[in-house]
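Computed from a predicted structure; not experimentally measured. Chain naming here is simple, since letters A, B, ... match the order of the sequence lines and numbering starts at 1 in each.
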Number of protein chains: 2
Amino acid sequence: MFSKRCEYAIKIMTFIAHQQKKSDKKVDVDAISKAIDSPKAFTAKILQDLVKSDLLVSSRGRFGGFSLPDQFNISLSQIIEAIDGKKLLEGCVLGFGTCSEKNPCIVHHHLKSARQHLKIKLQETNLEIIAKRVNEKNAYFKE
Amino acid sequence: MFSKRCEYAIKIMTFIAHQQKKSDKKVDVDAISKAIDSPKAFTAKILQDLVKSDLLVSSRGRFGGFSLPDQFNISLSQIIEAIDGKKLLEGCVLGFGTCSEKNPCIVHHHLKSARQHLKIKLQETNLEIIAKRVNEKNAYFKE
DNA sequence: CTGAAATAAGACAAATTTGTCCTAATATAA
DNA sequence: TTATATTAGGACAAATTTGTCTTATTTCAG
Ligand code: FES
Ligand code: FES
């Protein structure tokens with residue numbers, strides 16, 4: 001469903017959101033990759049992409065790190081779009097160039113409602129909600 | 001959402017179902033790859049996998065080809081499982097080893113209903129229904 | 001100013017997926 | 001029986017994704 005990069009990206013974002021609920025400190029690559037059990041250098045690359053997409057703010061140098069942008073509640077669909085693009089939510093499931101009502105593929109109508117439902121859920125689910133759940137239920141970041 | 005192989009597999013199966021509605025003749029690789037606009041040798045590999053999964057029957061030699069097994073209406077979820085495995089419908093969206101209610105990941109509950117909806121749609125949608133639509137609406141196999 | 005600690009960025013490497021090619025095995029028509 | 005048309009299968013090649021390494025750049029403490 002999601003690429004590996006995207007899986008990491010979701011874990012990264014939720015971890016940072018969770019940390020920032022506890023303190024305002026920036027979070028660095030080392031802490032992130034340890035917490036979510038991901039390869040450090042690869043994690044750093046994904047962080048760069050998230051910064052380029054304005055889903056994170058970075059600061060370099062001593063005591064630098066990553067933090068969420070202010071007044072900006074981020075949804076899963078924003079993270080997915082930043083990393084994997086629009087294909088999952090907007091593209092044709094059979095890989096045709098476009099997905100539209102006017103020119104639907106053979107399965108378009110059969111999966112339309114399910115895809116719409118998924119899209120709404122991914123838009124509704126945001127870091128605020130997830131971070132709250134992590135606190136409440138002590139959900140985990142790695143196995 | 002689906003791998004390229006799985007996209008081709010769905011097109012392959014629907015094309016064969018459609019052809020067999022018109023005549024009982026077996027369908028060969030050449031006709032399939034031309035109809036769905038897929039690389040021939042790669043298509044042949046996918047066909048082999050579908051035969052191994054018992055979703056198709058093959059016959060070799062002159063006038064050989066592929067046909068649907070008798071008395072066996074195949075759903076999209078069966079095709080997807082045969083080619084991409086259980087990951088999409090049963091695996092954890094964040095890539096953890098297991099997906100369960102007892103040990104849910106941080107997004108498990110948020111996406112549960114959407115995934116369930118998708119699963120049901122993929123189980124409901126079968127080749128009979130799709131092939132019928134192809135006939136009714138003149139839907140296409142390639143762009 | 002200098003050193004240490006952090007992100008940025010580019011080149012490289014490994015793994016996986018996608019796709020190609022060649023040969024073997026098989027079945028049928030003639 | 002023989003030629004031909006088909007699937008089966010293995011080795012290989014290309015493309016993409018995943019992951020690593022090294023160096024530059026930035027920031028701040030002291
Ligand atoms: S055209 Fe294929 S899913 Fe919409
Ligand atoms: S445990 Fe992650 S989706 Fe169920």
Sequence-distant partners of A:S33, side chain to side chain donor-acceptor pair (under 3.5 Å), two or more places apart: none
With sequence neighbours excluded, what pairs up with A:H117 under the side chain to side chain donor-acceptor pair (under 3.5 Å) test? B:S113, B:H117
Partners meeting salt bridge (charged side-chain N to carboxylate O under 4.0 Å, His left out) with B:K40 (sequence neighbours left out): B:D30
For nucleotides 18-30 of chain D, just jot down a letter per nucleotide in 5' to 3' order: B, S or -, based on protein non-hydrogen atoms under 4.0 Å. SBBB---BBBSS-
Quick one: list whatever passes side-chain contact (heavy atoms from CB on, under 4.5 Å) with A:S59, sequence neighbours left out. A:K26
Could you list the residues that satisfy salt bridge (charged side-chain N to carboxylate O under 4.0 Å, His left out) with B:R115, not counting sequence neighbours? none
Side-chain (B:D84) to main-chain (B:F2) donor-acceptor, under 3.5 angstrom: no
Contacts of type salt bridge (charged side-chain N to carboxylate O under 4.0 Å, His left out), residue B:K52, not counting sequence neighbours: none
What nucleotide among C:dT7, D:dT6, D:dA8 has an atom nearest to a side-chain atom of B:D28? D:dT6
Bend angle of the helix from C:dC1-D:dG30 to C:dA30-D:dT1 from five-pair axes at both ends, rounded to 10°? 0°
Nearest to side-chain heavy atoms of A:K52, which nucleotide of D:dT7, C:dA9, C:dT7: C:dA9
Residues at least two apart in sequence or cross-chain that pass side-chain contact (heavy atoms from CB on, under 4.5 Å) with B:A82, listed by chain then number, are B:S53, B:L55
Heavy atoms within less than 4.0 Å of DNA chain C: which residues of residues 80-89 of chain B have one? Give them sorted by number. none
How many Å lie between CG on B:L50 and P on D:dG9, as a whole number? 14 Å
Phosphate OP1/OP2 of C:dA9 contacted by A:Q48 side-chain N/O (<4.0 Å): yes
Set of residues satisfying side chain to side chain donor-acceptor pair (under 3.5 Å) with respect to B:Q19, sequence neighbours excluded: none
Could you list the donor-acceptor pairs under 3.5 angstrom formed by side chains in residues 119-130 of chain A, with sequence neighbours left out?
unit_1, atom_1, unit_2, atom_2, d
A:K119, NZ, A:E90, OE2, 2.9
A:T125, OG1, A:K121, O, 2.7
A:N126, OD1, A:N73, ND2, 3.4
A:N126, OD1, A:E128, N, 3.2
A:N126, OD1, A:I129, N, 2.9

